[in-house]
Amino acid sequence: MMYSRIIGTGSYLPQKIVTNNDLEKMVDTTDEWIVERTGIKQRHIVAEGETASSMGIVAARNAIEAAGIKNNEIDLIIAATTTPDKVLPGAACLMQEGLDLPGVPAFDISAACAGFVYSISVADQFIRSGMYRTILVVGAEALTCLVDWEDRSTCVLFGDGAGAVLFQASKEPGIVSTHLHADGRYKDILTVSSGLPTQYKKDDPPYIRMKGREVFKFAVTALGDVIDETLAHNNMSRGDIDWLVPHQANQRIIAALAKRLDISMDRVILTLEDQGNTSAASVPLALDLAIRDGRVQRGDKLLLEAIGGGFTWASALVVY
Ligand code: UT7
């Protein structure tokens with residue numbers, strides 16, 4: 001049995017920070033409201049010229065260094081992003097160029113905030129089938145480029161950054177199982193009107209629009225269900241997970257899921273306070289943080305989960 005084992009992780013966060021106090025000067029909001037309703041205190045924002053691929057390249061280099069492998073051992077690059085630098089080429093190709101890996105296959109996966117968990121599932125299939133040995137998966141988002149800074153219901157939520165994870169074929173676990181879902185009927189409650197110039201509407205510019213309360217309710221139910229599905233699939237009980245590595249959308253959603261998993265909040269990796277919601281980058285950023293600060297140890301059982309526009313949602317049981 002061949003597993004996809006994590007051999008290195010890396011991160012990148014832009015230098016520029018926007019605090020809740022900064023936002024108080026821009027829209028009708030308060031630090032108190034944002035902290036109480038979301039758990040977010042600040043977020044990192046791309047500088048001019050910083051993009052999903054430029055951030056992803058730095059995160060990938062950090063992961064390569066942590067893994068102690070040579071660049072040319074990488075067989076495939078998958079970039080999870082909703083905010084690629086350009087419509088084409090994809091962010092993965094730009095990362096491939098930046099990492100000096102000509103010829104290595106590279107493609108993007110667009111599954112909104114669930115994109116990273118979707119991507120590691122794809123990587124796992126390639127490794128299990130024997131087609132590739134070493135795969136770089138990067139979650140990278142310049143999400144604030146889609147933010148309407150006059151819309152207080154969304155501009156307080158999002159941030160930018162990139163996280164990278166290198167997986168390699170191993171007899172030791174590994175990704176144990178992944179569980180993917182989507183439901184396009186919910187396409188309108190979290191959406192950007194268009195990505196194509198000829199379809200831009202003056203009265204509906206291409207910004208993130210979200211019906212927050214509906215998304216909240218859907219997220220708690222869907223993520224709770226996919227957590228139960230993951231445990232049942234692996235004949236595990238609620239207390240068997242060592243760490244929850246959740247998508248960082250809202251502290252109240254995460255707390256509800258921790259309760260469902262019957263684990264205390266100190267077994268949950270949180271980056272929300274400092275980073276906000278970085279969409280497809282949030283899970284790998286949290287994972288890298290917890291591996292680097294020593295909380296996550298080899299052999300620990302991790303439950304990764306995420307949900308995003310589409311709707312798409314997914315989970316992964318991973319032994320570190
Ligand atoms: O990553 C993809 C998945 N995304 C998510 O999972 C996000 C899910 N949704 C949420 O996290 C929450 O719904 C939000 C944080 C977006 C909003 O929190 P909420 O508790 O659901 O607030 P709400 O939308 O029900 O709004 C409550 C009140 C409203 O005022 P009224 O109608 O009660 O007078 C809003 O206008 O809060 C108001 N409000 C704000 N007030 C101050 C909305 N945004 C703000 C704000 N500052 N930034």
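Remember, it's 1-based here, ligands and their atoms both numbered in the order they're listed. Please read these numbers as outputs of a predicted model, since none were measured by experiment. Positions are given from 1 along the sequence.
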Please list all pairs meeting ring-ring contact (aromatic ring centres under 6.0 Å, His included) that have one or both residues in residues 300-320, counting only residues at least two apart or in different chains. His181-Trp313, Phe218-Phe311, Phe218-Trp313
At a heavy-atom distance under 4.0 Å, which protein residues reach ligand 1? Sort them by chain and number, would you? Asp28, Thr29, Trp33, Arg37, Thr38, Cys113, Arg152, Ser153, Val156, Leu157, Leu190, Met210, Gly212, Arg213, Val215, Phe216, His247, Ala249, Asn250, Arg252, Ile253, Asn277, Ile307
Are Arg295 and Asp300 ion-paired here, with the side-chain N under 4.0 Å from a carboxylate O? no
Looking just at side-chain N and O atoms, do Thr278 and Glu141 make a donor-acceptor pair shorter than 3.5 Å? no
Mind checking salt bridge (Lys or Arg N to Asp or Glu O under 4.0 Å) for Arg185 and listing every partner two or more places apart, or none if nothing turns up? Asp183
Who pairs with Glu36 by side chain to side chain contact (heavy atoms under 4.5 Å, CB included), at least two apart in sequence or on another chain? none
Distance-only donor-acceptor check, side chains Ser4 and Asp124, under 3.5 Å: yes
